[in-house]
Number of protein chains: 4
Amino acid sequence: MIIVLKPHTTKDDVSRVENMVKKRGLDTHIVQGKEMTVIGCIGDTAKVDSKLFEIDSAVDKVMHVQEPYKLANRAFHPEDSIINVSGVKVGGDNLAMIAGPCSVESYEQVLEIARAAKASGANLLRGGAFKPRTSPYSFQGLGLEGLDILTAVKEETGLPIVTELMSDKYLDVFNEKVDLIQIGARNMQNFDLLKELGQLDRPILLKRGLNATYEEWIMSAEYIMASGNENVILCERGIRTFESYTRNTLDLQSIPVLRKLTHLPIIVDPSHAGGKWWLVDSMAMAAIAAGADGLMIEVHNDPESALCDGAQSLKPKKYDELLKQVAQIANVVGKSI
Amino acid sequence: MIIVLKPHTTKDDVSRVENMVKKRGLDTHIVQGKEMTVIGCIGDTAKVDSKLFEIDSAVDKVMHVQEPYKLANRAFHPEDSIINVSGVKVGGDNLAMIAGPCSVESYEQVLEIARAAKASGANLLRGGAFKPRTSPYSFQGLGLEGLDILTAVKEETGLPIVTELMSDKYLDVFNEKVDLIQIGARNMQNFDLLKELGQLDRPILLKRGLNATYEEWIMSAEYIMASGNENVILCERGIRTFESYTRNTLDLQSIPVLRKLTHLPIIVDPSHAGGKWWLVDSMAMAAIAAGADGLMIEVHNDPESALCDGAQSLKPKKYDELLKQVAQIANVVGKSI
Amino acid sequence: MIIVLKPHTTKDDVSRVENMVKKRGLDTHIVQGKEMTVIGCIGDTAKVDSKLFEIDSAVDKVMHVQEPYKLANRAFHPEDSIINVSGVKVGGDNLAMIAGPCSVESYEQVLEIARAAKASGANLLRGGAFKPRTSPYSFQGLGLEGLDILTAVKEETGLPIVTELMSDKYLDVFNEKVDLIQIGARNMQNFDLLKELGQLDRPILLKRGLNATYEEWIMSAEYIMASGNENVILCERGIRTFESYTRNTLDLQSIPVLRKLTHLPIIVDPSHAGGKWWLVDSMAMAAIAAGADGLMIEVHNDPESALCDGAQSLKPKKYDELLKQVAQIANVVGKSI
Amino acid sequence: MIIVLKPHTTKDDVSRVENMVKKRGLDTHIVQGKEMTVIGCIGDTAKVDSKLFEIDSAVDKVMHVQEPYKLANRAFHPEDSIINVSGVKVGGDNLAMIAGPCSVESYEQVLEIARAAKASGANLLRGGAFKPRTSPYSFQGLGLEGLDILTAVKEETGLPIVTELMSDKYLDVFNEKVDLIQIGARNMQNFDLLKELGQLDRPILLKRGLNATYEEWIMSAEYIMASGNENVILCERGIRTFESYTRNTLDLQSIPVLRKLTHLPIIVDPSHAGGKWWLVDSMAMAAIAAGADGLMIEVHNDPESALCDGAQSLKPKKYDELLKQVAQIANVVGKSI
């Protein structure tokens, strides 16, 4: 941590700020520049609220030099983490190909989509049982019944299931039945929930919040990890920007950046990012070309009648064509489906 | 709802899309322009997923003409709602002056601050018992003990209390003890929690999410209202933008805009928006000048030692000076503290 | 400037980076932390491209500790600058009340508006002769004829004129005839134009770019000042954010922030920020309550027939009422119209 | 254009608004819904300022249904435009591979880089002669001398040159010497300059402004085209968002979106978007996978000593490796370098 003092500070000013720092168990180191003085703070700065020093009238600003996360930090864990989702490896050279409908509507629907997706190369099945909807008047998902349908389809197809948890009320049932528990963008900073996920055995798929910086996103993973569950997969799904033609702006730079900052795998959800099916294939290929560890794509056998997000779903035939191209791109970057 | 067709559509295209609309129980009305055709959809469009129509190859785009919220909509409730918070009225010409420390640290601390704030004109006491913190390594609040301290100070001072609920585990105790239940920016779209708030008797203070549009914010209020609790107060606390010198960008245009769109009261939290104490007074005065129904301000007797957000807290003396100026501004716009 | 090295750097790494720094004429100071090493760079860092050091494999990141601007920096000029616009003082306790139509349409139109605005308290007349329009098919302004009309109305009313310069082709005629030369948001980083403005005698009204940080905005003022013209007034007119209900998001926190960072006056344009006339009065009052040095407001005698931006213009009667309230708010913060 | 009226409008309200519309030469068509009335406006709405109608007290909002651009609109020009840059075709299946240093420093420097880049597959040479710099104290480019160096290197290597024009002062010399005239992000809405570019024979490379929507960007191309020059290539270079770890957020969704909206070619500049050399290769591959018509990449033989943006430049060896991978990705999507 670096404390930058205002120009024209006196010796007394410097001593006073130094004392504030030392009272919090840190050492100090003064750097005297031509026009300004800087105090380097040495020790475990992660637990100190740095903004506090800005109250002092001699302080201009306080800057962090160290990332606030430890367990998720690649600097301390240079190797890629490979997460085991009920037998499917994610990370390293292993791609997660997650496919399925936005929301679970019936056993027949999910089974048909799952079989087709598996034939095309999908290795994990997604489907929403509990749906976060902006409007209280929209379809909210089948709930526990949806979970049962997913479980039945898993038995039939062998595909492990991925579905979103929205409330701690269902922690136990999700821990029992769901292979990869998804936390949606809107709950990325539901800190109480994050702590409880740390108690579970199941891996967590943590979507990026619509306004989350890379650091905040990794800090949410750190919450889960610090609570005891180190099996976290990150999922880029677009951020909110001024551009409203697309639902969100897919930030593919997140892939190389997170690769540098953290050892956790990162996958991409092009369906939710753009909100339009005709954006999915180009963004899916781009994500793999950029080094993503997998894709999460909405597939629906009858998008025009879907109860949710049909406009961004691919039909099974289109998904099949896409995965053929994705496989070729994966090959160029040294991976395979 | 308006469906805009692509140029050069055939009669068959128009009929096909019309049929899709009618299947969902809506009437249609064709507007034939020079270069394009538009289908007006008549009926209760709130429950129809408009994006679905974009799947059809003849459709260019779908536009909403009607707000998706009803209960919160001023068009159907022209009068200002006035919310009663344990005897303190908020809305209309009644200003909520909420003050207190970011986090509850001890009975003595809260009592001292509460007494000073009340003497300056505050009519509601805030204090965080459960704290949403970006880092798992930061102070997380005193929890239920904090709630007990607030209750004790309320008994002593008579000030109703405002504090943040982060998890449905504590719904009952909050409903019993807390006069105004705050939902933080990060939980604004925790839809499960919103539905449960609809079951409570207590009024809700709903902060704007960092990336929430006006419509999304009102839709979250609508969730609470549609579940049975119409006592919602909105709180602008800044949005996330590209400008990072301040913590967030305080959007004071939200005041006249929400006044037009909804009948619910709207207050402003200048402390969290800027994240720096020296921004609070000018923004507090600006908020009242713009017509806000109240202010939520962090006050601390010893900011340098605060366990949380000391950098944005005012000392009681400064708060007292501010409220004198705020009272004069309120007077200009026809209100009073 | 602070160079943060990666964990586990060797002595050789540190020496190599130190040498890179010294080659650019700076001194170094090493701060050895528990987990990381930091190099403080001492000297005139403003001319060094700090990002260069990030190329070295041992460097984690480079952070600036010093503002890159000098002439506009309050740290070196503690007194408020007061800019003289042909006799009208702007800054300190002097408010600029700029009013007039979005675009000049005719002598009669401008004269009628100018007389009414002056009677209400306006002390500067605005009107667009050259108009920056998003569409090539929109009305582009009367050009030099518009400038002549403004000049004629100035002779009649005595109000100095403010109008936008869009191209260096007209530098001479603007320098001759225009009292305060406005540079629009879209030209805030037209660096060639900024340098030429430094050659003029006239004060400059520099609007904030839609995506400009405070620092970039001040740096554009620094361009003009470093080229020889220190008479710059800053104008907040809203920034682009994800919220699209309003044209832009008015950032009133810019007022206290700029007050701290620079000695230049800052005024606010609420008409362009919101793009709707019914947002103007609350934001105008808020701006003055927040400490702005003036307001720039569009006034039109017949908004329904305006050739440009009628939707955000106030009628003279409404402007008159507004200025009465603004005068009272100004009084609370120690200023007067 | 669609005018949405407020609930509870009277017949008189509807007639009054209809008359406003008809006065502007448009026809009207009334759609009477359950709760609201909508007026469809038929005719050439591109020249009508739609916001004007919002002034009427009965009008709730006005919505555009038609894109405001014609010449750049794919709806009216279904075929891809292929732009000829002094013999190098851009668009369709032809990729532009633009490479070179951020700024021209010397003949030897540019020649060495150009030869290496050409050997790797580059077909166009970039290099900045006039540099837009945020700080007036940074290196501003060699100016006309830089242009002469580029011309000399073009003679030696045969590579057509791409360089940025910042001021209309140099229109003639650019038109004579530069094969593809670049307009930078900060000048994307310098409308006066855009109009003058319409008079030139040379193709234009129009970078996206940092805060430009797709529509605004295309409208700037429309300015150039409407003034007489239809040879415009669009260049995505990142937009400004809340994420500040990277310089900007590269928006690769722009590729499929623009492909749908316009027939103009679109290339991607991954160097400026991220601002870090280690982001370039993954984003370059992603861009081609997403269907871009080319790449603009900074290559420097000695980045540590570069006068500008060395941190984002690739060394020739790295560029060579990248183009080998890019060629394979291009192959997957049916294109070739």
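By convention in this document, chain letters (A, B, ...) are assigned in the order of the sequence lines, proteins followed by strands, and residues within each chain are numbered from 1. Since we're looking at a predicted model, the values are computed, not measured.
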Heavy-atom contact with chain D under 4.5 Å, split by part of T249(A): both

Segment of L261(A) engaging chain D (4.5 angstrom heavy-atom cut-off): side chain

Chain D interface, residue from R259(A), M285(A), K276(A), M283(A) that has the most non-hydrogen pairs under 4.5 Å: M283(A)

Face-on cation placement of K260(D) at W278(A) ring, 6.0 Å and 45° thresholds: yes

Verdict with supporting geometry, Y214(A) and D251(A), side-chain hydrogen bond (donor to acceptor under 3.5 Å, both in side chains): CA-CA 11 Å; Y214(A) 301 136; D251(A) 175 15; 2.7 Å; yes

Whether F191(A) and Y223(A) hold their rings parallel, tilted or perpendicular, with breakpoints at 30° and 60°: parallel

Pair S254(D), E236(D): side-chain N/O donor-acceptor within cut-off below 3.5 Å: yes

When I255(D), N331(D), I239(D) are compared by non-hydrogen pairs under 4.5 Å with chain A, the top option: I239(D)

Residue, of A287(D), S282(D), S244(D), A284(D), that accumulates the most heavy atom pairs under 4.5 Å with chain A: S282(D)

Derivation and outcome, side chain to side chain contact (heavy atoms under 4.5 Å, CB included), residues Y69(A) and M225(A): CA-CA 10 Å; Y69(A) 44 88; M225(A) 299 170 86; over 6 Å; no

Best-contacting candidate, V257(A), I288(A), V333(A), against chain D by heavy atom pairs under 4.5 angstrom: V257(A)

